[in-house]
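FYI, side chains are in, hydrogens and waters are out, and symmetry mates aren't considered; it's all heavy atoms of this structure. Treat the numbers as computed from the prediction; the structure is a model and nothing was measured.
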Amino acid sequence: MSMRFTAKARRGMVALTVAAGLALGVAGCGGGGDGEDKKPNATAPSSGNRGSQPSAQEGEAETPLAEVKGTEGLLLQITSAKKDGGGFVTVSGNLKNDGAKSVVIPSQMSGDETEVIKHGPSLGGATLVDPKGKKRYYVLRDTDGRPLTTTGFGTLDAGQTLPVFMQFPAPPPSATDVTLQVPTFSSGTIKISG
C-alpha cells in the first residue's frame, strides 16, 4: 500500500492536527522586539493569494538547510524541516524570485494529480525521498483533497519573497536526511529535526 493514498478519516485527523498546530505556533510567536525587521506585506503574491499561508517566523533558521534553484531565477530556501507529534513533517522556507523580471509560478509545481490540481496552484507536487529506506513521501491532503501546503500562487516580482510550507507523512526516526524534490527545481538534501 502506497503512503500516497491514506484513509479519508486519517486525512481528516491530520488536517485537524495541522490546523491546531499552526494555530498554536502562530499564537506562540507573538510580536515583541523593536520592530527593526518589520516590513509591509511585500511577500504576498501579486495575483491575490487565496490559499493557506505559513507563519513567516515559524521555525526558521538563519542559515537555510538547503537552497534549490528553479526555472527563471526562482530560488527555494528551506529554513526548517520539523517532525511533529501528529506523525507528519512540516518543511518551511521561502520562495524567492532571484531574477530581474516578474515570473509566473510554474503550474508544474502542483504536480499532476487531478484531485490536487483542481484546488489551484500549490506545492502539491513536492515529495520527500528517504534514500536509505527507498520510500517516497507525498504532500498530505485534507479530506477534500486539498494539499497541505502553500496554495494560491500567482506571479512573483523581481526580488519578491513568499513564505511557503509543505507537510508530509513522517519518515521513520532513522530517516533524518531526506531529499526534497519539487517539480521544476533541483533536488536538495535536508535534515529533519524533532
Side-chain angles (χ1 to χ4, degrees), residues 3 14-33 36-39 41-45 49 51-70 74-98 105 109 122-133 135-142 147-153 156 160-183 185-194:
M3 290 297 293
V14 169
L16 288 174
T17 303
V18 168
L22 288 174
L24 287 173
V26 170
C29 295
E36 276 185 88
D37 292 332
K38 293 183 181 179
K39 297 178 186 172
N41 189 7
T43 60
N49 188 345
S52 53
Q53 293 277 337
S55 169
Q57 65 272 22
E58 183 178 283
E60 289 187 9
E62 285 185 24
T63 304
L65 298 175
E67 288 187 345
V68 293
K69 293 184 179 185
L74 290 175
L75 179 68
L76 180 60
Q77 298 172 317
I78 302 303
T79 55
S80 73
K82 287 190 169 186
K83 190 177 290 189
D84 298 312
F88 56 90
V89 171
T90 301
V91 176
S92 301
N94 296 298
L95 179 61
K96 181 178 181 183
N97 178 354
D98 231 8
I105 304 298
M109 289 171 48
S122 70
L123 291 168
T127 59
L128 285 183
V129 177
D130 171 10
K132 290 182 183 175
K135 288 191 178 181
R136 180 180 303 270
Y137 298 88
Y138 294 85
V139 168
L140 291 168
R141 280 87 165 141
D142 69 10
L148 299 181
T149 179
T150 307
T151 60
F153 291 116
L156 279 182
Q160 188 177 11
T161 300
L162 173 68
V164 295
F165 78 99
M166 300 158 267
Q167 292 185 321
F168 302 91
S174 61
T176 56
D177 292 333
V178 294
T179 302
L180 176 68
Q181 298 178 335
V182 179
F185 283 80
S186 58
S187 297
T189 300
I190 57 176
K191 184 174 283 296
I192 297 174
S193 63

Quiz item: With Asp130, which residues qualify under salt bridge (charged side-chain N to carboxylate O under 4.0 Å, His left out), at least two apart?
Solution: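 Not a single residue meets the salt bridge (charged side-chain N to carboxylate O under 4.0 Å, His left out) criterion with Asp130.
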Quiz prompt | Sequence-distant partners of Lys96, salt bridge (charged side-chain N to carboxylate O under 4.0 Å, His left out), two or more places apart | solution =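 Expected list: Asp98.
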Work out which heavy atom in [X] is nearest to a heavy atom in [Y]; give both atom names and the distance.
X	Y	value
Ala175	Pro171	CB-CB, 3.7 Å
Ser187	Gln181	OG-CG, 3.5 Å
Phe168	Ala126	CE2-O, 3.5 Å

Distance (rounded to the nearest 0.5 Å) between [X] [atom1] and [Y] [atom2]:
X	Y	atom1	atom2	result
Lys83	Thr90	NZ	OG1	12.0 Å
Lys135	Thr127	NZ	OG1	15.0 Å
Leu74	Leu162	CG	CG	10.5 Å
Leu148	Phe88	CG	CZ	8.5 Å

How about [X] and [Y]: do any of their side-chain heavy atoms sit closer than 4.5 Å?
X	Y	value
Leu95	Phe153	yes
Met166	Leu180	yes
Pro64	Ile78	no

Exercise. Go through the structure and list residues passing side-chain hydrogen bond (donor to acceptor under 3.5 Å, both in side chains) with Lys191, not counting sequence neighbours.
Key: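 Lys191: side-chain hydrogen bond (donor to acceptor under 3.5 Å, both in side chains) contacts with Asp177.
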Practice problem: Report yes or no: do Thr79 and Asn94 form a side-chain donor-acceptor pair below 3.5 Å? | Solution: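 No, because no side-chain N or O of Thr79 sits under 3.5 Å from a partner of the opposite role on Asn94.
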Without swapping roles, check the side chain of [X] against the backbone of [Y] for a donor-acceptor pair under 3.5 Å.
X	Y	value
Thr151	Ser122	no
Thr150	Phe165	yes
Lys132	Thr176	no

Practice problem: From the options Thr179, Leu128, Val89, select the one residue that forms a side-chain contact (heavy atoms from CB on, under 4.5 Å) with Ile190. | Solution: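 Only one option passes, and that is Leu128.
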Quiz item: Only one of Ile105, Thr149, Val91, Leu76 forms a side-chain contact (heavy atoms from CB on, under 4.5 Å) with Leu123, so which one is it?
Solution: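 Running side-chain contact (heavy atoms from CB on, under 4.5 Å) over Ile105, Thr149, Val91, Leu76 with Leu123 returns exactly one hit, Thr149.
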